[in-house]
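Okay, so here's the structure we're looking at.
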Amino acid sequence: MGKFIISKRTNDDYQFNLKAVNGQVILTSQGYNSKASCENGIESVKKNAPDDARFERLTAKDGRWYFNLKAGNGQVIGTSQMYESDNGMEKGIDSVKNNAPNASVEDDTNN
């Protein structure tokens, strides 16, 4: 089972990373100004991850692939790492679909 890790950025915003069973980060959130907002973002990922239509597949300027997971309102709730191929990106999407819904949450902040 994967897990969400809540952490703080240098600007004191909260963020989460979704890690697969192997410890690899498969999705990263935006910055949130409160821990409660960050936790709501995690719940949104859990809810939206099973729906393939919520994944926006993109190509960066350098030709690498990545994806965004969007909420029902179209807001981006998580972004992937960069992949060298579309096949790699699709495996990343499958990993989010499989890991997110039942992932545990670990709080790495000090408050």
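- Side chains of T109 and D107: a donor-acceptor N/O pair is present below 3.5 angstrom, by distance only.
- Here the closest non-hydrogen pair linking A100 and L18 is CB-CD2, 3.7 Å.
- Scanning all heavy atoms of the two residues, the minimum distance from I77 to F16 falls at O-CZ, 3.5 Å.
- Residues K8 and K35 are not in side-chain contact: their nearest non-hydrogen atoms beyond the backbone lie 4.5 Å or more apart.
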Item to check | Full working for side chain to side chain contact (heavy atoms under 4.5 Å, CB included) between M89 and N87 | outcome: CA-CA 5 Å; M89 176 189 65; N87 186 49; over 6 Å; no
Checklist entry - Passes side chain to side chain contact (heavy atoms under 4.5 Å, CB included), R64 versus E84? Steps please. => result CA-CA 5 Å; R64 293 186 297 167; E84 296 300 323; 3.3 Å; yes
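- You'll find the ring centres of Y14 and Y32 outside the 6.0 Å limit.
- Put simply, CG on N48 and CD on E43 are 11.0 Å apart, with the number rounded to the nearest 0.5 Å.
- Counted by atom type alone, T79 and N68 present one or more donor-acceptor pairs between their side chains at under 3.5 Å.
- When all heavy atoms of V21 and G2 are compared, the closest pair comes out as CG2-N, 4.2 Å.
- Atom-to-atom distance recorded for W65:CH2 and E90:CD is 8.5 Å, nearest 0.5 angstrom.
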Next on the checklist: Let's go through N17 and T28 carefully: what are the C-alpha distance in whole Å and the side-chain angles of both, what is the deciding distance for side-chain hydrogen bond (donor to acceptor under 3.5 Å, both in side chains) to 0.1 Å, and is it a yes or a no?
Outcome noted: CA-CA 5 Å; N17 285 314; T28 300; 2.7 Å; yes
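- Side-chain atoms of D13 do not come within 3.5 Å of backbone N or O of G31 as any donor-acceptor pair.
- Smallest separation of non-hydrogen atoms from M1 and S104: SD-N, 4.0 Å.
- I5 and V105 are members of different hydrophobic clusters when ILVMFWY side chains are connected at heavy-atom separations under 4.5 Å.
- In this structure, F67 and Y83 have parallel ring planes: the angle between them is below the 30° cut-off, well short of the 60° mark.
- Between the side chain of K46 and the main chain of A103, a donor-acceptor pair closer than 3.5 Å is present.
- To the nearest 0.5 Å, atom NZ of residue K47 and atom CZ of residue R54 are 7.5 Å apart.
- The minimum heavy-atom distance between D52 and K97, with the atom names listed, is OD1-NZ, 2.8 Å.
- I26 places none of its side-chain heavy atoms less than 4.5 Å from the side chain of Q81.
- Contact record, Q30 with R9: C-NH2, 3.4 Å, taken as the closest heavy-atom pair.
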